[in-house]
Structures are given as structure tokens and as C-alpha cells.
Amino acid sequence: ASENGNAGFAVEYAQADTDSWTELSFIESAGNTKSETGYTYRASDLGFGAFKFRLRQVDVDGSASYSAEVEVSIDVPNEFVLGSPYPNPFNPSASFTLAIKEQQEVRVELYNMLGQMIEVLHDGVLGSNQTHTFSIDGASLSSGMYLVRIAGDNFTTTQTATLLK
């Protein structure tokens with residue numbers, strides 16, 4: 001309802017199963033006021049999974065206190081969400097993300113444009129509602145376009161990545 005000597009609020013988050021907190025933003029406060037003041041912050045691009053959030057209220061003298069933790073779950077909205085390779089074009093490596101709605105066996109393969117399989121990037125179970133990151137290592141590959149094929153129990157998709165040396 002009022003503030004006295006308040007410097008602001010740090011918005012912090014962590015994966016729900018860890019205590020490794022990261023500051024998303026620092027919101028400066030009104031400092032000293034006897035009137036009610038509202039603050040908002042929108043967290044984006046966190047990926048999928050369960051997260052916990054808290055506020056670290058910081059006074060102008062540097063002392064701090066923490067709010068209660070709040071847990072939020074961000075679920076995959078469709079069967080899967082596939083991120084584009086980055087960077088694309090790439091040299092020497094690129095990465096992309098995949099999140100799936102239901103835990104399942106997933107195989108991720110890299111093909112050249114002749115249809116020859118170059119490498120299996122993953123072959124096994126992936127957990128649901130989590131962001132998984134995969135890397136393409138182009139150090140031993142020739143310049144050109146490559147296909148990434150991803151096949152799960154419930155879906156199959158492809159995307160392209162271009163290596164420029």
C-alpha cells in the first residue's frame with residue numbers, strides 16, 4: 001500500500017525442480033510513496049516446462065527480501081513445437097529446439113540433399129513439456145543444404161539448414 005526506501009523489484013525464475021534462480025528483469029519502484037502503486041512484468045521465451053517465480057524486493061540501502069514462490073507450467077500447445085535452426089545459414093554449427101506434448105520415442109536425423117543419412121542426432125525417449133536442444137556440427141560437412149528429419153510416435157516433420165563455409 002505504500003513504499004519507503006524501496007529501490008525496486010527483481011523478477012526471478014527457476015526450473016521447478018531446481019534452486020538455480022535467474023533474474024529476468026529489474027523493475028524500478030516509485031521509491032517513497034504513501035499511495036498504492038502497481039507494477040507489471042511479462043516473462044516470455046522461457047520454453048516449456050514447470051517454472052517457479054519470485055520477487056526480490058530491494059531497498060535503496062541494498063537490503064533485500066523475497067516474496068513467496070509461485071509455480072507456473074507452460075505446456076506444449078500441439079503435438080510438437082519445433083524451433084528453426086539458428087543460425088541459418090550456419091558455420092560451423094547450428095542448434096534447434098524441440099518440445100513435445102507427450103513423452104515418446106523420438107529419432108532426429110540429418111540428411112544431405114541426395115537423401116543420404118549423415119548422422120543420427122538423437123534416438124530415444126524425450127520427456128513431455130520440456131524444451132530439448134539439438135546441435136548440428138558442420139565441421140566435417142561440405143557447404144550445402146541439409147534436411148533435419150524428426151520422427152516421433154505421433155508425428156514426423158522436416159526442416160532445412162544451410163551450411164556455408
Side-chain angles (χ1 to χ4, degrees), residues 8-28 39-56 58 64 66-67 69-165:
F9 304 91
V11 180
E12 299 178 343
Y13 85 104
Q15 295 285 333
D17 58 352
T18 72
D19 282 322
S20 179
W21 292 90
T22 301
E23 184 174 310
L24 285 170
S25 183
F26 188 83
I27 312 300
E28 290 188 24
Y39 302 95
T40 60
Y41 177 78
R42 182 180 176 99
S44 59
D45 299 327
L46 293 177
F48 300 99
F51 300 93
K52 52 189 178 181
F53 294 86
R54 69 182 181 189
L55 292 178
R56 181 171 41 91
V58 181
Y66 291 92
S67 70
E69 297 173 9
V70 176
E71 190 166 316
V72 175
S73 181
I74 303 171
D75 295 334
V76 176
N78 302 309
E79 286 300 314
F80 68 94
V81 174
L82 178 61
S84 298
Y86 182 82
N88 194 14
F90 69 96
N91 184 14
S93 64
S95 62
F96 60 93
T97 58
L98 173 66
I100 56 176
K101 189 173 192 79
E102 298 175 7
Q103 178 174 305
Q104 59 191 284
E105 291 280 337
V106 175
R107 186 169 170 99
V108 182
E109 303 165 328
L110 181 67
Y111 289 85
N112 64 20
M113 293 311 286
L114 298 174
Q116 300 165 322
M117 186 171 51
I118 304 298
E119 182 180 2
V120 175
L121 302 175
H122 177 81
D123 189 13
V125 175
L126 289 181
S128 63
N129 293 312
Q130 300 171 16
T131 301
H132 305 277
T133 302
F134 302 94
S135 296
I136 302 169
D137 181 5
S140 63
L141 302 175
S142 302
S143 292
M145 190 175 293
Y146 292 86
L147 275 175
V148 177
R149 180 180 185 273
I150 304 167
D153 294 339
N154 302 331
F155 70 96
T156 301
T157 187
T158 59
Q159 66 180 356
T160 60
T162 304
L163 173 60
L164 290 178
K165 287 190 174 183

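Just so you know, residue 1 is the first one in the sequence shown, and it goes up from there. As a basis for the values below, the full set of heavy atoms in this structure was taken, side chains included, without hydrogen atoms, waters or symmetry mates. Given the structure is predicted, the values throughout are model-derived calculations rather than measurements.
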Are the side chains of Leu24 and Leu46 in contact, using a 4.5 Å heavy-atom criterion? yes
Could you state the interatomic distance from OH (Tyr13) to CD (Glu69), rounded to the nearest 0.5 Å? 14.5 Å
Checking Tyr41 now: which residues fulfil ring pair (Phe, Tyr, Trp, His ring centres under 6.0 Å) with it, not counting sequence neighbours? none
Sequence neighbours excluded, every pair satisfying salt bridge (charged side-chain N to carboxylate O under 4.0 Å, His left out) that has a member inside residues 87-99: none
Output side-chain donor-acceptor pairs under 3.5 Å for residues 137-145, partner residues at least two apart or in another chain, one line each.
unit_1, atom_1, unit_2, atom_2, d
Asp137, OD1, Ala139, N, 3.0
Ser143, OG, Lys165, N, 2.9

Do the non-hydrogen side-chain atoms of Val148 and Ile150 ever get within less than 4.5 Å of each other? yes
Exercise answer: donor-acceptor pairs, residues 106-127 side-chain atoms, under 3.5 Å, sequence neighbours excluded:
unit_1, atom_1, unit_2, atom_2, d
Arg107, NE, Glu109, OE2, 2.4
Arg107, NH1, Asp123, OD2, 2.8
Arg107, NH2, Glu109, OE2, 3.4
Glu109, OE1, Tyr111, OH, 2.8
Asn112, OD1, Leu114, N, 2.9
Asn112, OD1, Gly115, N, 3.2
Asn112, OD1, Gln116, N, 2.9
Asn112, ND2, Gln116, OE1, 2.6
His122, NE2, Gly124, N, 3.4
His122, NE2, Gly124, O, 3.2

Taking all non-hydrogen atoms of both residues, which atom of Asn154 and which atom of Gln104 are closest, and how far apart? N-OE1, 3.0 Å
Applied to residues 10-25, the salt bridge (charged side-chain N to carboxylate O under 4.0 Å, His left out) test, sequence neighbours excluded, yields Glu12-Arg54, Glu12-Arg56, Asp19-Lys52, Glu23-Arg56
Contacts satisfying salt bridge (charged side-chain N to carboxylate O under 4.0 Å, His left out) that involve residues 74-103 (not counting sequence neighbours) are none
Reported CG-to-OG1 distance for the pair Leu82 and Thr158, which is rounded to 0.5 angstrom: 9.0 Å
Quick check for you: to the nearest 0.5 Å, what is the distance between Thr131 atom OG1 and Ile100 atom CD1? 11.0 Å
Are there over 12 heavy-atom neighbours, none belonging to Glu28, within less than 6.0 Å of that residue's CD? no
According to ring pair (Phe, Tyr, Trp, His ring centres under 6.0 Å), does anything in residues 145-165 pair up with another residue at least two apart or in another chain? List the pairs. Phe80-Phe155
Taken in chain and number order and not counting sequence neighbours, the residues that satisfy side-chain contact (heavy atoms from CB on, under 4.5 Å) with Thr18 are Ala14, Gln15, Ser20
So do the side chains of Asn129 and Ile74 get within less than 4.5 Å of each other, counting heavy atoms only? no
Without placing hydrogens or testing angles, list every side-chain donor-acceptor pair under 3.5 Å for residues 90-98, not counting sequence neighbours.
unit_1, atom_1, unit_2, atom_2, d
Asn91, ND2, Leu164, O, 3.2

If the condition is ring pair (Phe, Tyr, Trp, His ring centres under 6.0 Å), which residues does Tyr39 pass it with, not counting sequence neighbours? Phe9
Taking ring pair (Phe, Tyr, Trp, His ring centres under 6.0 Å) as the test, write out the residues that go with Phe53, two or more places apart. none
